[in-house]
Amino acid sequence: MSAIAPTKPTTYLQVLDAEGNVVNPSLMPNLTDEQLRSLMHKMVFTRIWDQRAIKLTRQGRLGFYAPVGGQEASMIGSEAATEKEDFLFPSYRDVPQSVWHGWPLYQAFLYSRGHQHGGQFPQDVHVIMPQIIIGAQIVQTAGTALAFKLRKEKRVAFTYIGDGGTSQGDFYEGINFAGAYQAPAVFVVQNNQFAISVPVALQTAAETLANKAVAAGIPGVQVDGMDVLAVYGAMKQAVDRARAGEGPSLIETMTFRYGPHTMSGDDPTRYRSKELEEEWQKKDPLVRFRNFLQSKNLWSKEDEDLVIEEAKAAVNDALAKADAYQKMTIPGLIDSMFKTLPADLIAQRTEFDS
Amino acid sequence: MAQLTMIQAISNAMDLELGRDEKVLLFGEDVGQSGGVFRATDGLQKKYGVERVFDTPLAESGIAGLATGLSIQGFRPIAEIQFFGFVFEAMDEIAGQAARMRYRSGGRYSCPIVYRAPFGGGVKTPELHADSLEGVLAQMPGIKVVVPSNPYDAKGLLISAIRDDDPVFFLEHMKLYRSFRQEVPEEAYTVPLGQAKVVREGKDVTIISYGAMVHTAEKAAEEWAKTRGISAEVIDLRTIRPIDIETIVASVKKTHRAVVLQEAQRTAGIAAEVVAQINEQAIFYLEAPVLRIAPPDTIYPFAMIEDEWLPTPKRVMSALEKVMSL
Ligand SMILES: Cc1ncc(C[n+]2csc(CCOP(=O)(O)OP(=O)(O)O)c2C)c(N)n1
């Protein structure tokens, strides 16, 4: 036997099984009935809006969109464990967390259409425009977390990356820096099994992505990402640790995106089997949590219908507001380059003034 | 001969070279089973196997560094950067390492790598997908930079690039991928690197451009010929590092006027370089200053206003108006 033992796979946290039965009561997070219902509310809302967004993109009424169906528990369970003052660094898929953290939906739509105003977050919303460059958000999160530490603010910086993204140098650099500075950061790896077409097995020989935390010297856990309570519990613990000055953590959520990678021409049938899709759909986070809530008399068909209507109306309102928003202009774009416009840009601007 | 789109011509070039030389390898994100996000590598993994055509982990610096290491061992990698805007991630390996390898090893090692990347505006992509960063690369000594404007050139230039013994960055304009077809010979042929092409003959003014802007230049030239009876010559640089100054000078000697058109932001770009070279070699033939046409020095704008931001035939014509009136 080799003298060097392979790293043990990290713990796999699960509260509910696929039917919604509590399998690990000791991991049950401490949530009020209202909080539990709120998690379900957000998941149903998000599922509906995702379905609408996919349709609207097909009709050309939205621009860039990365579907989230399947990942609701991972996204919503984690964001719900943070405070409004905590700072979120989303990637292109993390629109739900950004919206639940305060991004007005109409601005998310403007962003999708490629309107600069989409990224102008209201002052009290601590989110930055979704990141396109994979991994960049990880190092930035370490930096913002360090800022909170230096200013002695009890705030946490949190961020998301996909399974593929954990291959980037920036990922290792970011978690390592955060560890070295014991900065209040939480890194969530949403392992939805594929990076566009490339399966995790071709991405790394690591047994789990949570294990990547080992080299950075920070805690890493793997959770059932289709189980909103498990995700919430793991995130809450990580956020509490960070806030208490105990340093960063890494959480890997095992999840699945049902749809294509983005709406820009990706065809999942080229790289994913029907069986695999069906297998993951059996773990659906909404079904499982609905069962759990219903068993406690906390959710009914009426509740569900109300949220569905509410989500549809909210999407329509946001769309109308986005439609009505003034168009971007080239002079406006030029003006946004510097605090004080240099002479060369003033000269270039004249060409577009009219 | 078959009528091919540019993406088919590119795919065909790689197919032929993979078939001709087993040292040629092809890798990048999603290039294998999925056949690339634009299908440029469709079917190639099936045909040549996973050892020669393979998916990499999601890391551009890793992709470029892998290419460096493989190439000094005699392989000839074609490394795909999924979108050109992600090149910053790989910049050290490309510009800081591979481009310097021949120099650093006194000629013992070289890096016969082709880096391929889609880029270019007018297709409404998210941030950092469309950006024209070719000027950034062109300033790096030790690397050639190629930007084809049509299917025929794309195939011939790519084959030349793969056979070249030094690193070549090959840029594929997304808008041209499927916008038109052209007769492309089935067999392998080369279009030499570093040679521009006169794509439209004229005698009153020269428009110099590359990539998708060649088509914008041609539209403007056509319009001018029709409405003003002025004949513009259009030159397609095809390779932007090195620049074929001879073809440009020959044209300027004939027309005495020139404008340079680029899709990249104005400052410190290829157009500035072309103007400088014209000054150095043909200033006494000029009857007007050489003008640049380029987008303003802003971040590449979001999808919503890119069509207004990118140079249009109208803006080319107003530049022509200026140089003709001098
Ligand atoms: C630096 C960089 N390289 C490549 C891409 C292109 N790209 C966008 S998403 C993606 C796959 C990401 O997969 P993963 O990290 O697993 O996240 P997921 O989209 O599955 O949530 C790729 C290759 C990019 N946006 N940025």
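No hydrogens, no waters, no symmetry mates; every other heavy atom, side chains included, goes into these values. The sequence lines fix the lettering, A, B, ..., with proteins before strands; numbering per chain opens at 1. Just so it is clear, the model here is predicted, and its values are computed rather than measured.
Of the listed residues (Leu345(A), Leu333(A), Val198(A)), the greatest number of heavy-atom pairs within a distance under 4.5 Å of chain B belongs to Leu333(A). The choice from Ile133(A), Asp344(A), Thr329(A), Thr262(A) that makes the most heavy-atom pairs within less than 4.5 Å of chain B is Ile133(A). With chain A as partner, the option from Lys124(B), Glu306(B), Glu29(B), Glu89(B) having the largest number of non-hydrogen pairs under 4.5 angstrom is Glu89(B). Of the residues considered (Tyr271(A), Tyr111(A), Phe64(A)), Phe64(A) shows the highest number of contacts with chain B, using heavy-atom pairs under 4.5 Å. For the options Leu58(B), Asp55(B), Thr56(B), heavy-atom pairs under 4.5 Å to chain A are most numerous at Leu58(B).
Side-chain N/O atoms of Gln137(A) and Asp170(A) include no donor and acceptor closer than 3.5 Å. If you check the side chains of Arg178(B) and Gln8(B), you find no donor sitting under 3.5 Å from an acceptor. Side-chain contact, Asp94(A) with Ser91(A): a donor N or O sits under 3.5 Å from an acceptor N or O.
With a 4.5 Å cut-off on non-hydrogen atoms, Glu60(B) touches chain A through its backbone and its side chain both. For Gln82(B), the part lying near chain A is the side chain, with the backbone staying farther off; criterion is any non-hydrogen pair under 4.5 Å. With a 4.5 angstrom heavy-atom cutoff, Leu202(A) touches chain B via backbone and side-chain atoms both. Both the backbone and the side chain of Asp297(B) come within less than 4.5 Å of a heavy atom in chain A. Residue Ile305(B) touches chain A through both its backbone and its side chain, counting heavy-atom pairs closer than 4.5 Å. Heavy-atom distances place the side chain of Met337(A), and not its backbone, under 4.5 Å from chain B.
Interatomic distance, CZ of Arg272(A) versus CD of Gln193(A), reported as 9.5 Å (0.5 Å rounding).
Residues meeting the side-chain contact (heavy atoms from CB on, under 4.5 Å) test with Ala217(B), sequence neighbours left out: Ile207(B), Val234(B), Leu261(B).
Between Phe86(B) and His129(B), the ring center distance clears the sub-6.0 Å criterion. For Phe177(A) and Tyr172(A), the distance between ring centers is not under 6.0 angstrom.
Between Glu263(B) and Lys175(B) there is no salt bridge, since no side-chain N of the basic residue sits under 4.0 Å from a carboxylate O of the acidic one.
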